[in-house]
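First up is the structure itself, then whatever we jot down about it.
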There are 2 protein chains.
Amino acid sequence: MTAQAWHLQPPTFAEIEAAAQRIANVCAVTPVLESPALNARVGARVLVKAECLQRTGSFKLRGAYNTISQLLPDELARGVVAYSSGNHALAVAVAAHMLATHAFIVMPRDAPRAKLAGTRKLGAEVIEYDRHTEDRSAIADALVRERGLTLVPPYEDRRIIAGAGTVGREFALQLHERGAVLDALLVGCSGGGLIAGCATAFATLSAATKVWAVEPEGFDDTARSLHDGVRVANDPAARSSCDSLLVSTPGVLSFEVNRRLLAGGVAVGDAEVATAMRLAQELFQLTVEPGGAVALAALLRGALPITGRTAGIVLTGSNVDADTYASLTAQR
Amino acid sequence: MTAQAWHLQPPTFAEIEAAAQRIANVCAVTPVLESPALNARVGARVLVKAECLQRTGSFKLRGAYNTISQLLPDELARGVVAYSSGNHALAVAVAAHMLATHAFIVMPRDAPRAKLAGTRKLGAEVIEYDRHTEDRSAIADALVRERGLTLVPPYEDRRIIAGAGTVGREFALQLHERGAVLDALLVGCSGGGLIAGCATAFATLSAATKVWAVEPEGFDDTARSLHDGVRVANDPAARSSCDSLLVSTPGVLSFEVNRRLLAGGVAVGDAEVATAMRLAQELFQLTVEPGGAVALAALLRGALPITGRTAGIVLTGSNVDADTYASLTAQR
């Protein structure tokens with residue numbers, strides 16, 4: 001194994017604890033919910049971490065703020081750049097604003113309008129690109145070289161993963177308070193930063209819990225990579241309603257963590273995701289975006305053998321255009 | 001003083017602690033925010049409790065859940081009724097749904113459409129009335145008599161006040177964690193339940209803090225009642241953009257608490273509220289409804305002598321129609 005830069009090495013649990021301190025006055029402590037109707041339907045006890053209630057509408061603020069708040073004064077003076085399908089964009093824009101630095105955000109032209117408009121409204125400079133023909137990281141890298149900006153990557157950074165890991169730490173502590181121990185934790189997965197952070201937290205706080213990645217069908221690169229032992233890519237022709245989970249391969253750093261700590265991965269289809277979104281509205285009155293509902297979708301379709309046991313899921317985000325939400329959740 | 005029913009006596013701090021336990025798995029712990037730009041503008045340190053990020057969009061879920069979760073099985077079987085300009089309606093609807101009881105909500109016909117539609121969407125039965133000609137409590141009382149429903153009042157109940165008081169308890173504990181002590185706490189006030197609960201919590205946790213009520217101009221019944229020592233009413237012809245703060249007199253129970261614990265009251269105009277809403281968006285990226293912004297408005301216009309000292313404010317809600325929000329926050 002070759003030596004890696006500091007920021008490309010896995011974060012420790014202590015770094016997740018430190019991140020929790022840094023974000024304590026910025027992020028909400030999102031509640032853990034339970035529904036007897038959901039328990040009955042799944043045939044297991046299900047504890048739901050409602051991270052979709054987080055400020056900026058997703059867990060991404062935790063990692064963005066944890067990272068930007070550690071930059072040096074001269075780095076803050078030059079500004080930051082991020083690429084994102086939306087949730088990371090909103091989070092970096094808000095964190096940058098709070099920390100008084102300027103943010104450039106590289107976003108796909110077909111991102112939900114609410115995410116594009118929201119990011120601009122927050123004072124960030126949005127640079128649009130075509131997600132099927134252009135390389136967003138190359139566009140961001142050019143800005144780093146030309147303007148001296150600091151890249152705030154969506155998952156390839158130990159500070160991002162440690163920040164995202166505060167979701168897992170917080171969930172584990174809340175479960176401990178109510179005396180519940182999870183047999184399985186299901187977390188949505190794209191680049192894999194959130195689940196890498198959550199798995200790191202659970203490895204320390206709840207080592208008996210098996211952690212499973214949930215991905216959209218056609219974007220199950222992490223599940224297949226875990227199976228094969230090496231990072232594999234998705235078919236570029238794949239499409240999914242889960243706009244926040246469309247990364248083509250697992251991150252190098254996140255997979256380094258996930259291949260050691262995850263039990264495996266499962267995939268869910270768009271129809272299952274829509275059913276999960278409807279149920280989140282009906283049972284918890286929560287608006288969940290498609291990518292935020294995959295863990296619930298996996299539970300509902302019985303993707304894991306958890307009958308009679310206890311499962312935890314994270315609902316990761318709520319940023320969805322009203323018309324998209326209405327059409328996806330309409331009864332068919 | 002005549003003997004009062006149990007639920008019409010002031011809650012103790014221990015009841016606020018118990019309420020905090022009951023709601024722990026239902027409500028978010030909302031963050032405390034600070035902005036150097038706001039501090040500079042006000043000339044004081046300002047700590048902002050972003051309760052507008054609470055589930056259902058306002059602090060009201062805390063009291064509604066604390067109350068309904070203490071009902072007996074036969075009361076839950078018959079159902080609950082509430083009257084509300086919107087935030088309490090949403091909260092009772094959500095709490096009732098979570099606790100598997102049916103909710104009837106008496107709402108003014110001119111309430112924000114988002115609040116009317118939101119309440120119906122949550123499965124509650126909405127009964128509309130004219131806020132200028134009809135008596136909402138009489139309509140609710142009739143439902144109590146005819147159907148055996150339990151009234152969940154917006155503020156006249158020790159369980160509601162104890163639940164609302166968890167905002168104050170949580171804020172005081174968060175301030176303690178960061179070593180800050182408030183010289184003044186400013187809380188928006190309508191019926192007075194939230195501020196009564198917050199003042200009760202601060203009396204135990206931060207007794208040196210002076211607690212001030214902030215009301216819309218024309219609806220400063222609590223300020224005038226505190227001054228006069230008896231409950232006085234507002235001019236029925238008064239109008240304000242703060243749709244969530246239009247109660248005509250202080251509550252009997254809340255005033256019983258507030259006359260002992262509050263330092264006084266101040267009033268703010270619609271233009272000052274709009275300025276505060278704009279600033280909450282600009283500095284904190286928070287959508288705040290008019291009634292949720294009055295405490296910030298009072299600080300901005302220098303209504304209290306806090307130069308060089310530390311003030312805390314609660315941003316209480318975020319439920320506002322998009323077009324109303326746009327027109328109120330448009331630069332003039």
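Throughout, a chain's letter reflects where its sequence line sits, starting with A, and its residues are numbered from 1. Reckoned from all heavy atoms, side chains included, excluding hydrogens, waters and symmetry mates.
- More than 12 heavy atoms of other residues, nucleotides or ligands sit less than 6.0 Å from atom CZ of A:Arg178.
- Of the two parts of A:Ile23, neither the backbone nor the side chain holds a non-hydrogen atom closer than 4.5 Å to a non-hydrogen atom of chain B.
- By the 4.5 Å heavy-atom criterion applied to side chains, B:Val29 and A:Glu170 are not counted as neighbours.
- Closest of all the heavy-atom pairs between B:Pro31 and A:Cys27 is CB-O, 3.6 Å.
- If you measure heavy-atom distances from A:Val94 to chain B, the contacts under 4.5 Å come from both the backbone and the side chain.
- For the atom pair CG of B:Asn25 and CD of A:Glu177, the computed distance is 8.0 Å after rounding to the nearest 0.5 Å.
- Heavy atoms of A:Glu34 lying under 4.5 Å from chain B are absent altogether.
- Remark: A:Gln281 CD to B:Leu122 CG distance equals 7.0 Å, nearest 0.5 Å.
- For the atom pair A:Arg55 CZ and B:Cys52 SG, the distance stands at 8.5 Å (nearest 0.5 Å).
- Taking CD from B:Gln54 and CG from A:Leu53, the interatomic distance works out to 8.0 Å, rounded to the nearest 0.5 Å.
- With a threshold of 4.5 angstrom between heavy atoms, B:Leu33 approaches chain A through its backbone and through its side chain.
- The line from NZ of B:Lys121 to CD of A:Gln285 is 10.5 Å long, rounded to the nearest 0.5 Å.
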